[in-house]
Amino acid sequence: MAFAPRRLDDMGRARLAERVDTPPEILFFLANDPATNVRAAIAANAATPALADQVLARDIEPGVRRVLARKLAALSPMLDPEASDRNRRVHWETLLLLVRDDAVPVRAAVAELVAEQPDVPRALVLRLAHDIAMTVAEPVIRGSPLLEETDLLALIADPPAPETLAAVARRPNLSEAPSDAIAARADGPAVAALLANATARLREATLLAIAERCADQKAWQAALVRRPALSPAVLMSLQGLLAEEALRVLLARPYFRARAPSPIDEEDHAAPSGPGGLDEGSFVAAARSGALNECGRILGALCGLPAGAVIRALERREAPVLVALCWKAGLSPSTAVFAQMRLTRSQPNELLILPGGIWAMQPAAMQALVGNLLSAG
């Protein structure tokens with residue numbers, strides 16, 4: 001068959017541009033065709049020479065560049081920045097032009113196809129994840145298996161756009177380090193998204209720190225009270241900090257339904273949570289309000305120590321002594337975490353309870369700290 005594109009009308013040239021058996025030199029010629037539909041057909045054609053694709057990457061029409069972006073993104077698993085094959089190297093360079101394109105839909109076309117692929121060049125994924133447009137970056141940030149924890153931490157430390165933090169927060173199965181970093185930024189939408197992400201792994205200390213700051217953050221409250229598997233310490237810390245609607249959701253959880261009636265529905269809000277007000281719930285309530293004397297009274301009674309000696313120890317705000325007293329009193333590790341953060345103002349990296357509820361100090365060391373109080377008392 002003879003190919004004479006100059007003798008054809010627009011429709012005829014478009015059909016010629018679609019054919020995989022059209023000679024490469026004709027395809028290259030048609031890459032500069034005045035008709036947009038012809039150039040789009042060249043952009044979609046798998047047989048188009050790599051140099052013609054490079055010409056089309058600078059086409060005046062974003063629609064043509066978007067068609068080319070989808071074709072090259074589909075080829076990206078076969079592209080290698082260090083490839084010795086000239087065509088592959090040119091295709092890679094052309095794809096990089098497209099991920100830097102001024103038109104967001106062009107960049108988004110690449111992101112859509114590579115977001116969840118495990119075998120595309122990592123440099124491509126990193127470039128897309130750092131895009132300032134969320135229609136480009138978010139599918140990659142949330143879905144790419146090639147992003148490592150260090151990549152996510154870099155995005156959190158220096159987000160290309162304000163919305164980047166929330167995109168990271170929505171990533172499925174987010175690990176503890178990025179979750180901690182997002183919580184530390186205290187960005188309203190990002191923390192709300194993190195709390196709403198049921199698969200994000202959040203340490204109890206991080207949840208307690210968020211709970212401390214949620215009094216004026218209704219979006220945080222709404223997500224936090226619906227989060228599964230909250231520890232008793234976190235649950236108890238939220239009481240008194242929540243708006244009425246969030247508090248009703250909180251008190252509907254099984255942990256509270258099995259205990260005292262809702263303080264919203266009952267007149268006696270100050271009723272002790274156990275006989276004589278000497279149980280774990282009473283201690284958490286006292287710690288939440290920062291009442292050192294009451295905390296000392298409860299710990300002293302539970303440990304068999306003089307209340308005065310315990311209160312003086314708490315006034316020194318020494319975390320090891322406080323945690324040892326919680327251990328001696330038979331309180332849960334989660335309550336010890338809450339008490340250490342509330343009463344000694346410890347930071348999450350200073351906590352003496354390890355992940356999994358493991359006491360960092362040995363029993364003999366904690367017993368010695370408690371015994372020193374008895375001898376001092």
Side-chain angles (χ1 to χ4, degrees), residues 57-58 62-63 65-70 72-73 76 81 92-118 120-202 206-207 209-210 213-214 216-224 227:
R58 298 178 174 87
R65 304 197 304 272
R66 187 171 186 274
V67 171
L68 179 63
R70 291 185 63 83
L72 294 184
S76 60
W92 168 251
E93 293 169 356
T94 303
L95 186 57
L96 288 183
L97 286 175
L98 294 167
V99 299
R100 294 193 293 264
D101 198 283
D102 289 339
V104 171
V106 175
R107 306 197 305 271
V110 179
E112 179 184 345
L113 287 175
V114 307
E116 299 182 10
Q117 296 301 315
V120 299
R122 187 171 136 76
L124 175 62
V125 167
L126 290 174
R127 178 66 183 82
L128 293 168
H130 282 80
D131 201 289
I132 61 172
M134 286 302 101
T135 53
V136 179
E138 184 155 2
V140 175
I141 292 172
R142 294 179 65 175
S144 177
L146 298 178
L147 288 179
E148 301 172 355
E149 187 175 272
T150 53
D151 301 324
L152 300 174
L153 290 171
L155 286 167
I156 296 166
D158 187 18
E163 299 85 358
T164 300
L165 294 174
V168 177
R170 296 186 187 99
R171 182 176 170 91
N173 301 306
L174 191 67
S175 58
E176 290 175 344
S179 295
D180 288 349
I182 290 169
R185 293 292 298 255
D187 176 83
V191 174
L194 178 67
L195 293 170
N197 182 354
T199 66
R201 295 195 289 277
L202 283 159
T206 302
L207 287 168
I210 292 173
R213 302 193 298 266
C214 78
D216 58 349
Q217 295 278 357
K218 290 189 177 181
W220 295 12
Q221 295 178 21
L224 186 53
R227 190 167 178 82

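At distances below 3.5 Å, at least one donor-acceptor pair connects side-chain atoms of T164 with backbone N or O atoms of A161. The backbone N or O of S175 sits less than 3.5 Å from a side-chain atom of S179, completing a donor-acceptor pair. Put simply, the side chain of D151 gets close to the backbone of E148: a donor and an acceptor are under 3.5 Å apart. For R65 (side chain) and V106 (main-chain N/O), no donor-acceptor pair under 3.5 Å exists by modelled atom type.
Rounding to the nearest 0.5 angstrom, the gap separating the CG atom in L128 from the CD1 atom in I141 is 10.0 Å. The CG atom of D180 lies 6.5 Å from the CD atom of E176; values are rounded to the nearest 0.5 Å.
Between R100 and L96 the shortest side-chain heavy-atom distance falls below 4.5 Å. Counting only heavy atoms from C-beta outward, the side chains of L152 and R171 approach each other to under 4.5 Å. With contacts defined as side-chain heavy-atom distances shorter than 4.5 Å, the pair L72/V110 does not qualify. Between L224 and L207 the shortest side-chain heavy-atom distance falls below 4.5 Å. Under the 4.5 Å side-chain criterion, counting only non-hydrogen atoms from C-beta, R107 is in contact with D131. Residues W92 and L124 meet the side-chain proximity criterion, which asks for heavy atoms closer than 4.5 Å.
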Next item on the list: Could you please spell out the steps behind the side chain to side chain contact (heavy atoms under 4.5 Å, CB included) verdict for V191 and Q217?
Entry: CA-CA 10 Å; V191 174; Q217 295 278 357; over 6 Å; no
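Heavy-atom minimum distance, L146 versus V120: CD1-O, 3.3 Å. What you find for V114 and S76 is that their closest heavy atoms are CG1-OG, 3.6 Å. Shown here for P145 and P118, the closest heavy-atom pair between the two residues is CG-CA, 3.8 Å. Scanning both residues, Q221 and C214, for their nearest heavy atoms gives NE2-O, 2.7 Å. Of all heavy-atom pairs between A198 and R227, the closest is CA-NH1, 4.0 Å. In plain terms, the two heavy atoms of A183 and L194 that are nearest each other are N-CD2, 4.4 Å.
Contacts classified as salt bridge (charged side-chain N to carboxylate O under 4.0 Å, His left out) and involving residues 136-146 (residues at least two apart or in different chains) are given here: E138-R142, E138-R170. Within the structure, side chain to side chain donor-acceptor pair (under 3.5 Å) pairs that include any residue of residues 185-201 comprise N197-T199 (at least two apart or interchain).
With sequence neighbours excluded, no residue forms a side chain to side chain donor-acceptor pair (under 3.5 Å) with T135.
Environment of CD in E149: crowded, with over 12 heavy atoms of neighbouring residues, nucleotides or ligands closer than 6.0 Å.
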